[in-house]
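Residues take their numbers from the sequence shown, with the count starting at 1. Side chains included, hydrogens not; waters and symmetry mates left out as well; all remaining heavy atoms used.
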Amino acid sequence: MLKPIPKRLFDSPRLRAVLPALFAFSPALVTAALIATHAVNVPVWDGWERGVLLEKAANGELDFGYLFSAHIDHRPVIPRLITLAANALSGGDVRAEMAIGFLAVVAGAIGLLLALRKSLPSPAWCWGTMFALNLLIFSPLQYQNFLWAVQLAFLLPLGCLGLLLAVMTSGWRPLAKGLAAAGLASVATLSFGHGLILWPVAVCMALLHPAAGAPRTRLALGGVLAAVAAATVALYFNWNYVNTSQPWHAYGALPGEPPPAVDRFANLRENSDRVADYFWASLGNPVARLLGSDPLAVAVDAGRALLALFGIASIWMLAGARREGRWAALLPWAACAAFAVVAALMMATGRGADLPLERALYSRYASLTGYLPIGLVAMAACALSRWRGAAGSGAALVGIGLLAGAQSQAYVYGAHKMAAWKMARLEERFHLLYAAHKTPRFPALIDGGMQVAEGEEPFAVRQARFLDGRGWLSPPMFERFDFGGFERLDERALAKRSDLLFAGLHDEATLHLAGYATLPDGRIADGVLVTWRRPGDDPPRPAIERSRKRERIHGERVAALDWALLDVLGVRAAPAMRASFEDGQFGANKMNLAKRENYARFEDPVDLSPLPEGGEVEICLWVADCEHMQVAPLKRMFRFDRGEAAPGEVLVEVD
């Protein structure tokens with residue numbers, strides 16, 4: 001018989017202090033678990049620029065000119081310094097930077113909590129509202145920011161924003177507030193472009209928030225911050241403001257040229273309607289996926305509705321300007337919302353005239369404009385807390401329940417997209433293993449700049465070679481074009497999961513293969529290895545390590561089976577820059593495996609030039625799992641004589 005839990009357990013002061021915090025930050029714990037499950041140690045897209053940084057540092061060529069130079073329109077000085085330190089401490093594991101980016105968001109959320117305690121003195125109201133805010137702050141809809149190491153630069157200003165509001169609403173002395181505010185705004189500015197917005201936020205909070213002191217003190221503090229802000233902005237746009245990133249990472253701007261936004265401002269007047277729609281869609285991004293099956297169709301209207309709500313809340317705040325309590329409580333959250341509005345305006349003016357509207361709905365931008373609904377939720381909580389009686393509490397509970405219900409859908413959807421992102425990264429890892437010998441079949445998953453002139457080594461491959469040579473690429477690139485470090489998984493585990501459906505000679509030198517490949521855990525295979533050998537009796541089977549579920553043969557023993565590697569194939573042709581509200585950028589295609597033949601396909605030509613001109617050869621395909629570094633052969637093999645087979649001949653065909 002179970003004994004009842006002692007009542008004194010719930011009377012513990014420590015437990016009473018911890019439980020509300022665990023409840024309020026439970027969304028962060030859920031998202032942290034998702035990040036730990038789906039993060040993959042591999043750079044992607046402009047994350048390969050880390051190779052340039054690390055190579056300059058290793059060769060003693062890193063100077064202030066490069067450190068402070070622009071990446072697109074941003075000056076990621078602080079993220080570059082963090083990358084250098086994290087790389088040294090983690091041995092090149094990019095997941096360390098993902099963790100730092102997530103911790104920056106946590107720090108910002110703690111800052112918002114400290115500011116919220118000033119706005120909502122009641123602990124129950126404070127913890128409940130913080131839970132609602134964290135549902136938005138840590139939504140997995142922002143999976144690109146959480147799983148893409150280079151987005152550390154994007155997240156740092158958001159963490160600084162929360163800490164800035166905490167500082168400006170605190171009881172610190174004006175001098176301490178000014179130094180802290182200037183420091184946080186500087187870190188944000190030297191991280192990403194939207195960090196510039198923290199300067200006007202700091203100035204407005206210094207001038208308008210009662211916690212900054214008497215009117216004369218506030219005027220002096222705001223004036224000093226405004227002067228520092230003006231000097232910072234002037235240096236930002238005038239000193240060494242040239243792009244140093246590859247053109248495919250900088251919207252076509254070549255290294256040494258001005259950043260792309262400089263030229264795009266000229267297109268604003270001619271494309272004002274597109275810019276306006278881009279602005280509205282950016283504001284609607286955080287909620288558009290919750291309002292229907294076609295987010296793009298509702299994003300513009302959602303953005304207009306959110307801005308209208310902010311306008312109403314601002315009017316109510318201004319109407320109570322003489323009531324110092326209401327003004328002080330609402331001002332930080334109005335600053336949050338205004339930050340998001342200005343950020344959306346910056347994106348629209350810098351990108352909206354030239355890029356498709358779908359770009360406004362990329363998941364990473366939901367982190368930025370998400371501070372508009374975050375500010376509105378906090379302002380609503382401040383209003384309801386002043387509602388006398390139980391009506392305000394009841395309305396708040398209903399509101400939190402509705403928000404939690406809506407966000408549950410977002411969390412499920414975000415977790416699904418995180419899994420798709422992980423699939424794409426593992427496929428990227430498969431191609432990187434062989435990148436020293438063969439240009440990746442699907443460079444879109446790694447770096448679009450791989451499409452270079454003939455004879456020129458792709459940028460990402462060049463950087464991968466450097467990182468691999470320093471021991472900063474894990475797993476390392478295979479030294480030889482063979483099975484490398486793969487272990488063999490018992491092929492019986494692949495029954496009904498993978499098959500070769502077609503093999504035919506396109507011409508004398510090209511074999512066309514098609515099929516589908518999934519893994520024993522149900523995941524789409526990360527790649528397919530095409531091998532060949534002269535037919536004959538199989539050589540003696542090497543010693544096998546047996547376990548309850550599977551048998552393994554170490555990678556070096558796989559090669560002993562006399563199979564020679566002919567080609568490596570990708571399983572999905574996932575586009576790199578698919579401008580779509582389906583959140584496909586840098587991710588995998590559809591993951592519906594109900595009909596594996598459609599959603600786990602490989603279909604590629606194979607160069608037969610390495611094969612002997614005459615004589616019969618046997619072809620075997622192997623599916624690869626780059627998460628566990630295992631391969632398993634397909635049971636369907638085939639033979640043909642290259643010298644006798646005619647172009648157009650079908651070797652294998654399965655209905």
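In this structure, T510 contributes its side chain and P605 its backbone to no donor-acceptor pair below 3.5 Å. Under the 3.5 Å distance criterion, the side-chain polar atoms of Y143 are left unmatched by any main-chain donor or acceptor of H416. Under the 3.5 Å distance criterion, the side-chain polar atoms of N134 are left unmatched by any main-chain donor or acceptor of S26. When atom types are taken as modelled, the side chain of D93 and the backbone of N41 share no donor-acceptor pair closer than 3.5 angstrom. In this structure, the side chain of T531 engages the main chain of C620 through a donor-acceptor pair within 3.5 Å. Here the side chain of R425 pairs no donor or acceptor atom with the backbone of A39 at under 3.5 angstrom. Under a 3.5 Å cut-off, the side chain of R429 and the backbone N or O of D526 do not form any donor-acceptor pair.
Looking at residues two or more places apart in sequence or on another chain, you find a salt bridge (Lys or Arg N to Asp or Glu O under 4.0 Å) between D499 and R636. Under the salt bridge (Lys or Arg N to Asp or Glu O under 4.0 Å) criterion, E627 pairs with K422, R523, not counting sequence neighbours.
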Start with the C-alpha gap between I100 and L155, add the side-chain angles, then the distance that decides, and say whether side chain to side chain contact (heavy atoms under 4.5 Å, CB included) holds. CA-CA 9 Å; I100 295 171; L155 295 175; over 6 Å; no
I'd like to know whether F640 forms a side chain to side chain contact (heavy atoms under 4.5 Å, CB included) with I619, so could you lay out the CA-CA distance, the side-chain angles of the two residues, the decisive distance to 0.1 Å, and finally the verdict. CA-CA 8 Å; F640 74 101; I619 302 294; 3.9 Å; yes
For V150 and W48, what are the C-alpha separation, side-chain angles and deciding distance, and is it a side chain to side chain contact (heavy atoms under 4.5 Å, CB included)? CA-CA 9 Å; V150 75; W48 287 107; over 6 Å; no
Could you walk me through whether L29 and L22 satisfy the side chain to side chain contact (heavy atoms under 4.5 Å, CB included) test, starting with their C-alpha distance in whole Å, then the side-chain angles of each, then the deciding distance to 0.1 Å, before giving a yes or no? CA-CA 9 Å; L29 298 176; L22 287 176; 4.3 Å; yes
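Side-chain N/O atoms of S367 and N145 include a donor and acceptor closer than 3.5 Å. Side-chain contact annotation: E49 with H249, donor-acceptor N/O pair under 3.5 Å present.
Under the 4.5 Å side-chain criterion, counting only non-hydrogen atoms from C-beta, P27 is in contact with Y411. In this structure, the side chains of L565 and Y434 come closer than 4.5 Å at one or more pairs of heavy atoms. Side-chain contact between W563 and L529 is absent, with no heavy-atom pair separated by less than 4.5 Å. Looking at heavy atoms from C-beta onward, P43 lies out of side-chain contact with W472 at the 4.5 angstrom threshold. Looking at heavy atoms from C-beta onward, L500 lies out of side-chain contact with M637 at the 4.5 angstrom threshold. Proximity of C626 to F486: side-chain heavy atoms (C-beta onward) are separated by under 4.5 Å at one or more points. You'll find the side chain of L634 stays beyond 4.5 Å of the side chain of V528, heavy atoms only. Side-chain atoms of V652 and L513, non-hydrogen and from C-beta on, never get closer than 4.5 Å to each other.
Aromatic ring pairs are classed by plane angle as parallel below 30°, tilted from 30° to 60° and perpendicular above 60°; the pair Y362 and Y365 is parallel.
The 12-atom threshold is exceeded at NE2 of H437, counting heavy atoms of other residues, nucleotides or ligands nearer than 6.0 Å. Around atom CD of E508, no more than 12 heavy atoms belonging to other residues, nucleotides or ligands sit under 6.0 Å away.
Of all heavy-atom pairs spanning M418 and I35, the tightest one is CE-CG1, 4.2 Å. Nearest approach of L156 to S191, heavy atoms of both residues: CD1-OG, 3.5 Å. The two residues W622 and V631 come nearest to each other via the heavy atoms CE3-CG2, 4.0 Å. The minimum heavy-atom distance linking L519 with A624 is given by the pair CD2-O, 3.8 Å. Closest non-hydrogen pair, L368 versus L158, comes out as CD1-CD2, 3.9 Å. Nearest heavy atoms, V461 versus A435: CG1-O, 3.8 Å.
If you run side chain to side chain contact (heavy atoms under 4.5 Å, CB included) between M477 and each of L433, L467, D468, only D468 comes through. Applying the side chain to side chain contact (heavy atoms under 4.5 Å, CB included) test between V52 and each of K56, R50, E55 identifies K56 as the sole match.
Atoms CG and CG, on L84 and L62 in that order, are 6.0 Å from each other to the nearest 0.5 Å. Note that OG1 of T83 is 7.0 Å distant from CG of L54, once rounded to the nearest 0.5 Å. Rounded to the nearest 0.5 Å, atoms CD (Q151) and OG (S363) are 8.5 Å apart. A distance of 7.0 Å separates CD of E97 from CG of N87, quoted to the nearest 0.5 Å. Between the CG atom in L141 and the CG atom in L361 there is a gap of 11.0 Å [rounded to 0.5 Å]. The CD atom of E618 sits 5.0 Å away from atom CZ of R533, with the distance rounded to the nearest 0.5 Å.
Taking the six-membered ring wherever Trp is involved, the centroid distance between the rings of F138 and F102 falls below 6.0 Å. The six-membered or imidazole ring of W148 lies away from that of F154, with a centre-to-centre distance of 6.0 Å or more.
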